[in-house]
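Here's the structure we're looking at; comments come further down.
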Amino acid sequence: MTGILPSYQRFVNGVPVPSISRRSFRLREKYLIISVLLTFAIVWLGALFYLPEFKSSTSVNDSVYNVYKRIQKAGPELLMPPPLAQNEVGDFPVVGIVRHGEEGDDPHVVEDRNRLRAKIDEEMGMKVLERPQFDAAPSISSSKGPSKPPVNAIEEPVLGNNAANKDIPVSDLKVDGSLKQYVVPVINPSTDPDIIQKRDTVKEMMRHAWNNYKLYAWGKNELKPMSKRAHLTSVFGGGDLGATIVDGMDTLYIMGLIDEFREGRDWIAEHFHINEIDSDLSVFETTIRFVGGLLSCYALTGDSLFRDKAAEVADALLPAFDTPTGLPYALINPSNKANRQYHWAGANSILSEVGTLHMEFTYLSDVTGKDVYRQKVDRIREVLHNIQKPDGLYPNYINPRTGQWGQRHTSLGALGDSFYEYLLKAWMVSNNEDEQARVMFDEAMQAALDKMLRISPSGLAYLAEVKYGRIFEEKMDHLSCFAGGMFALASTTLQNSLSERYMDVARKLTHTCHESYDRSETKLGPEAFRFSGAVEARAMKSNEKMYLLRPETFESYFIMWRLTKDQKYRDWGWEAVQALEKHCRVEGGYTGLVNVYHSAPQGDDVQQSFFLAETLKYLYLLFSDDSLLHLDEWVFNTEAHPFPIKGKNPLYRSANKLIANSGNEDNQV
Ligand code: DMJ
């Protein structure tokens with residue numbers, strides 16, 4: 001006992017009594033507590049270092065720094081529980097089984113990552129192949145290939161503005177004058193051979209993508225261009241939904257590829273039956289690609305098949321909106337009508353998903369005369385309009401059962417992006433009548449720019465991610481690169497106190513996105529890029545280095561070209577075309593890349609449907625005359641499907657009657 005002082009004294013009747021008999025016991029206790037604490041600290045630190053985010057760090061110092069930054073930025077999240085898992089929500093009425101790591105993952109990010117998995121170990125060295133001559137392309141079986149022309153009476157749409165079309169007699173525009181069916185869109189009046197050659201190059205790329213899909217994956221959702229077979233684990237699964245056909249149709253039409261357009265139209269007429277699909281479909285993805293694609297085709301051609309199929313798809317999605325708030329669940333199985341949420345979002349729906357249905361559902365109501373679709377999205381709008389926005393920002397997660405926000409994470413990239421885009425575009429496509437949408441857009445952008453717009457040490461503007469009102473990550477997603485175009489449209493369509501700032505931001509963000517392309521070996525941009533110390537506009541983690549054939553940067557080039565006529569946007573677009581040809585083109589189509597910083601990158605073996613719907617469309621339009629889908633008459637949905645502006649564009653094709661009830665044709669008002 002000598003040398004060991006009592007660590008504290010006990011008092012008996014106010015008199016201090018050294019407690020000899022307790023001394024050794026307390027010491028053991030101390031050792032025990034210290035070892036428990038030590039064990040806990042080791043496990044905790046170990047877990048942090050082994051989180052995937054930290055694994056990719058290049059050194060221990062990086063990891064320590066990242067841990068420090070992460071703790072510093074986590075803020076209130078450290079003290080708050082994550083969103084409830086689905087099975088913890090009590091009476092949460094979602095039906096269905098949560099399958100971790102399958103198609104329930106974030107459609108923008110995780111599913112794309114899954115696409116890479118299968119090919120990640122394959123040989124590098126993808127060859128740049130000569131362009132095959134598809135004039136002699138092998139055709140598919142006659143039952144699936146071109147057949148009779150459509151029987152529906154087609155009006156004679158001309159896509160450009162009236163003034164530009166005057167010089168081109170309609171008879172010259174027809175593919176088959178005797179049938180008077182589909183009309184080839186306005187021929188580009190440009191006489192500049194350089195521009196014509198660039199536009200024709202993009203058109204040939206579309207042929208290559210389409211013909212290979214036709215050859216190896218016809219009727220399936222997407223193509224694996226390296227293995228030359230169907231891609232069965234896409235966002236739409238393995239069912240025969242023909243996502244590439246439906247998504248790519250209007251691009252074919254706009255390019256004047258009318259034979260291919262007819263093939264697609266015939267497949268849709270004979271084989272597209274969404275109610276037979278027995279797997280979970282994303283309400284958002286199905287709306288923007290299928291409803292959007294079909295409605296564009298209806299506007300362009302007047303062929304009622306497209307309108308009716310669009311309504312069939314939307315009807316299959318309607319049960320997902322049966323929630324206490326009207327905010328839809330994320331996923332629905334069209335055959336058994338079961339709904340569920342993404343497992344990673346707990347009970348929540350995603351802002352960019354519930355907020356990116358408005359254009360399609362409103363237009364569908366107008367062309368069918370059925371009000372039910374508009375009612376669904378008007379209800380969503382009211383929830384988002386009335387809810388309190390923390391710091392004026394819209395968090396990415398919202399619970400459709402309670403109408404409350406989930407995590408306070410705000411982004412103009414994945415999970416947030418097109419919600420903002422659709423506020424602006426709902427106003428534009430309504431011919432400025434939907435004023436509520438424009439006010440919500442301007443308010444949201446004011447808060448977003450104040451909190452999220454950052455300038456790097458070398459002067460690059462970027463949109464950082466925010467959590468609980470503070471910068472969370474100095475990172476910008478490729479998905480956010482649509483914002484250049486969005487801000488430019490916002491600037492030119494309404495002169496208000498924000499207009500100048502919008503255009504300034506538009507130029508700067510488009511420049512930054514181009515930098516992210518220019519700073520890679522392939523001249524194609526990464527999935528996400530960071531600003532950290534000396535690193536600017538470059539990906540740092542391996543899963544950020546992919547290029548998935550995404551369109552957002554080219555979308556901004558296209559809008560910026562149309563609105564500013566600054567030659568650099570066409571130059572940047574041409575750089576991209578050359579890079580796509582060099583690195584993404586393979587004999588069997590176009591593939592995404594695993595790492596844009598390799599000079600001979602490995603392919604991911606997926607030809608995304610949005611490559612045909614968006615990437616090639618925006619590049620083609622970049623080298624076309626303004627009269628082709630004039631921005632005064634058309635607004636592009638988030639999947640680049642053009643919608644006519646109400647009251648301005650004669651191709652709007654409103655139904656004459658309004659049917660108030662869902663699908664009840666007898667109840668006409
Ligand atoms: C497209 O499906 C749409 O543009 C969507 O809004 C987000 N991302 C993909 C393409 O990257």
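Here the structure is a predicted model, which is why all the values come from computation and not from measurement. As the structure lists them, so they are numbered: ligands from 1, and atoms in each ligand from 1.
Partners of Phe636 under the ring pair (Phe, Tyr, Trp, His ring centres under 6.0 Å) rule, at least two apart in sequence or in another chain, are Phe558, Tyr618. Residues passing the side chain to side chain donor-acceptor pair (under 3.5 Å) test with Asp366, sequence neighbours excluded: Arg374, Lys646, Tyr652.
When each atom of ligand 1 is checked for a heavy atom of Pro551 under 4.0 Å away, the hits are 10 (C), 11 (O). Taking every non-hydrogen atom of Glu639 and a distance limit under 4.0 Å, the qualifying atoms of ligand 1 come out as 1 (C), 2 (O), 3 (C). Ligand 1 places these atoms under 4.0 Å from at least one heavy atom of Glu614: 1 (C), 2 (O), 3 (C), 4 (O), 9 (C), 10 (C). Which parts of ligand 1 touch Leu479 is read off a 4.0 Å heavy-atom cut-off, strictly below it: atoms 7 (C), 8 (N), 11 (O).
Heavy-atom separations between Arg289 and ligand 1 include at least one value shorter than 4.0 Å.
Using a 30° and 60° split on the angle between ring planes, Phe261 and Phe306 fall in the tilted class, from 30° to 60°. Below 30°, between 30° and 60°, or above 60°: for Trp267 and Trp218 the angle between ring planes is above 60°, a perpendicular geometry.
The nearest non-hydrogen atom to atom 9 (C) of ligand 1, considering only His478, Glu353, Glu552, Glu527, comes from Glu552. Around atom 6 (O) of ligand 1, the closest heavy atom drawn from Asp417, Thr638, Leu549 belongs to Thr638.
Between Tyr517 and Phe554, the ring centre distance stays below 6.0 Å. When ring centroids are compared, Phe321 and Phe361 come within the 6.0 Å threshold.
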